[in-house]
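This is a predicted model, so every value here is computed, not measured.
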Amino acid sequence: MTVSSVLVVGGGIAGVSTVAELRKNGYVGDLVLLSADGLPYDRPPLSKEYLAGGRTLESIALQPAEWYADQRVSLVGDAVAVALRPDAGEVELADGRVLTADRIVLATGGRAVWPAIAQVRRDVSAALPTGNRRERPVVSPIHVLREVGDADRLRTVLVPGARLLIVGGGLIGAEVASTARGLGVEVVLVDPLAPPLAAAVGIEVATWLHGLHADHGVEALTTTVETLLETSTGVAAQLKGEPDSREFDAVLLAVGLVPDTRLAEAAGLETSRGTLVDSAQTTSHPSVLAVGDCARLRDHHRAEHWEAAQLDGARAAATILGSVPPPATAPWWWSDRYGLHVEGVGEMRSPDAEHTTVVRGVVGEPPFAVFTLRGEQVVGAVSVDDPSAAKAARRMIDRGVDVRASDLADPGIDLRKLLRGAR
């Protein structure tokens, strides 16, 4: 069947990548991108440069406004999809309009998690977000960080001397802690894991990274929050194990996201911790695809990183065009904190009977990198201020290169030379 029209619901990196790849690879039909946020923007800067005030919304746009016209993409901004009717190829908007297409791509992303804290003042809990940014509280001192409006609201309280509690020490929590300290904010960060991110970077690197908080004046605690109560001046937070509550001007809840599957569920598509898709990004309905944070490949964990969403878009475009999808590649992510650049690739594993860990350089003295090997093959790596090591490790994983641990550990050996052993 010839596909003459495509509608992409969602203006994040997955949605924009889908339309870009379609046009790049010769699609000439009607192409509509529905973006609830207006001009689609990049999310990673929201916890860093944009939050700090160093970048404008225009500067973090995924594409300039004129790009959509140049690519003959109809950008429908500031509109929210409220219903999906797959059999009819229809998407209904909140204002009553109905858009139709031969193929619909769901790129609805995810919603920030609001953890089950035992006690939150009634008027706060009644206003917890449902996923529509217009319904989020605009005056509450309890924040999440997922959209540009979240960053705008949080930025207003990040003033010198302000007291900020961050709940969650993962990538977003750590990045905001770094940004807030740079703005002169007093920061307390709590996480029940000791240390956070051990599964992603290994225990040694995670311990060192988490220790950077104390080095930069952040009070990092291994605990949980039992209650949050709004006061006339901010928020009273009761931390587990402490006799008295602490007063903060604001709280950031940074404990992850849940996939936004509401359209898919209401339309009868199969969902389970995401809208279920096959390797071609096709959902349980052949006319509907799903990409990015809202999608999950059957029998796999969801990937929530930027590039994973971008590659989903490329695969969806290939499916619509009936062309060859991009080759599989090891997952890759990055993060920045306290002036350091961290990259991870593949799967980091703790040493065991099958896996060994190799350090290139010295952990805690950037630049350095840590590799996980299974036998003589790299399966994962993490680098700090050494992006070339992460890039080389990714190629080793993708190509199945056999390497010697001693060569990986030797800073004097160019990792690119080890790639010559690729099969």
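Shown here for V148 and Y41, the closest heavy-atom pair between the two residues is N-OH, 2.9 Å. Among all heavy-atom pairs drawn from V255 and G168, the shortest one is CG1-CA, 4.3 Å. Nearest heavy atoms, L419 versus A392: CD2-O, 4.0 Å. Residue L93 comes nearest to A79 through the heavy atom pair CD1-CB, 4.1 Å, listed as atom of the first residue, atom of the second, then distance. In this structure, G173 and L189 approach most closely via the heavy-atom pair O-CD1, 3.9 Å. Between S47 and T179, the shortest heavy-atom contact is O-OG1, 2.8 Å.
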Item to complete: Please assess R111 against R262 for the test side-chain contact (heavy atoms from CB on, under 4.5 Å), listing each intermediate value before the final yes or no.
Response: CA-CA 11 Å; R111 295 171 284 156; R262 291 171 297 171; 4.0 Å; yes
Assess the residue pair E343 and R394 against the criterion (salt bridge (Lys or Arg N to Asp or Glu O under 4.0 Å)); give the C-alpha distance rounded to whole Å, side-chain angles, the decisive distance to 0.1 Å, and a yes or no. CA-CA 11 Å; E343 293 189 27; R394 190 180 202 185; over 6 Å; no
message: I'd like to know whether S140 forms a side-chain contact (heavy atoms from CB on, under 4.5 Å) with E230, so could you lay out the CA-CA distance, the side-chain angles of the two residues, the decisive distance to 0.1 Å, and finally the verdict.
response: CA-CA 8 Å; S140 172; E230 282 195 39; 3.4 Å; yes
Subject >> Stepwise side-chain contact (heavy atoms from CB on, under 4.5 Å) check, Y68 with V16 >> reply: CA-CA 10 Å; Y68 298 93; V16 173; 3.9 Å; yes
*So R85 and E92, salt bridge (Lys or Arg N to Asp or Glu O under 4.0 Å) or not? Walk me through it.*
CA-CA 8 Å; R85 293 185 278 273; E92 182 179 344; 3.1 Å; yes
| field | Working for salt bridge (Lys or Arg N to Asp or Glu O under 4.0 Å), residues E270 and R298 | value | CA-CA 10 Å; E270 290 186 52; R298 293 176 186 276; 3.3 Å; yes
- Applying salt bridge (Lys or Arg N to Asp or Glu O under 4.0 Å), run through R395 and D398 and close with a yes or a no. CA-CA 5 Å; R395 291 178 175 174; D398 290 346; over 6 Å; no
TODO: Applying side-chain contact (heavy atoms from CB on, under 4.5 Å), run through V76 and V32 and close with a yes or a no.
DONE: CA-CA 7 Å; V76 181; V32 177; 3.8 Å; yes
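The 12-atom threshold is exceeded at CD of E66, counting heavy atoms of other residues, nucleotides or ligands nearer than 6.0 Å.
Within the model, atoms CZ of R315 and CD of Q310 stand 10.5 Å from one another, a figure rounded to the nearest 0.5 Å. A distance of 11.5 Å separates OG1 in T231 from CZ in F248, rounded to the nearest 0.5 Å. Going from atom CG of L31 over to atom CD of Q71 covers 9.5 Å, rounded to the nearest 0.5 Å. Summarising the geometry, atom CZ belonging to R43 is positioned 6.0 Å from atom CD belonging to E147; distances are rounded to the nearest 0.5 Å. Here L253 contributes atom CG and L165 contributes atom CG; the two are 8.5 Å apart, rounded to the nearest 0.5 Å. The CD atom of Q281 lies 8.5 Å from the OG1 atom of T18; values are rounded to the nearest 0.5 Å.
Without hydrogens or angle criteria, Y338 side chain to E175 main chain gives no donor-acceptor distance under 3.5 Å. Not a single donor-acceptor pair under 3.5 Å links the side chain of D260 to the backbone N or O of C294. Put simply, the side chain of T372 never gets that close to the backbone of V379: no donor and acceptor are under 3.5 Å apart. T156 places a side-chain N or O within donor-acceptor distance of the main-chain N or O of R153, the cut-off being under 3.5 Å. Of the possible donor and acceptor atoms, one in the side chain of D249 sits under 3.5 Å from a partner among the backbone N and O of R163. With E376 contributing its side chain and V403 its backbone, the two residues share no donor-acceptor pair below 3.5 Å. A donor-acceptor distance shorter than 3.5 angstrom exists from the side chain of D385 to the backbone of H341, with no hydrogens or angles considered. Formation of a donor-acceptor pair under 3.5 Å by the R296 side chain with backbone atoms of H300 is found in this model. Judged purely by atom type and a 3.5 angstrom limit, R155 uses its side chain to pair as donor or acceptor with the backbone of Y50. Judged by distance alone, the side chain of R181 and the main-chain N or O of V185 form a donor-acceptor pair under 3.5 Å.
Under the 4.5 Å side-chain criterion, counting only non-hydrogen atoms from C-beta, I203 is in contact with P195. L415 is listed as a side-chain neighbour of L408, based on a closest heavy-atom distance under 4.5 Å. Considering only heavy atoms from C-beta on, T223 stays 4.5 Å or farther from E242 through its side chain. Contact check for M348 versus V382: side-chain heavy atoms found under the 4.5 Å cut-off. Contact annotation: the side chain of T275 never approaches that of V288 to less than 4.5 Å [non-hydrogen atoms, C-beta and beyond]. At least one side-chain heavy atom of V384 sits less than 4.5 Å from a side-chain heavy atom of L340. Residues D293 and P259 are not in side-chain contact: their nearest non-hydrogen atoms beyond the backbone lie 4.5 Å or more apart. The shortest side-chain heavy-atom distance between I13 and L62 falls under the 4.5 Å cut-off.
Among residues two or more places apart in sequence or in another chain, the side-chain contact (heavy atoms from CB on, under 4.5 Å) test is passed with A174 by H213, R337.
E265 and T261 form a side-chain donor-acceptor contact under 3.5 Å, judged by distance and modelled atom types alone. In summary, the side chains of S388 and D386 do present a donor paired with an acceptor at a separation below 3.5 Å, with no hydrogens or angles considered.
The only member of L99, I104, V105, L84 that meets side-chain contact (heavy atoms from CB on, under 4.5 Å) when paired with V9 is I104.
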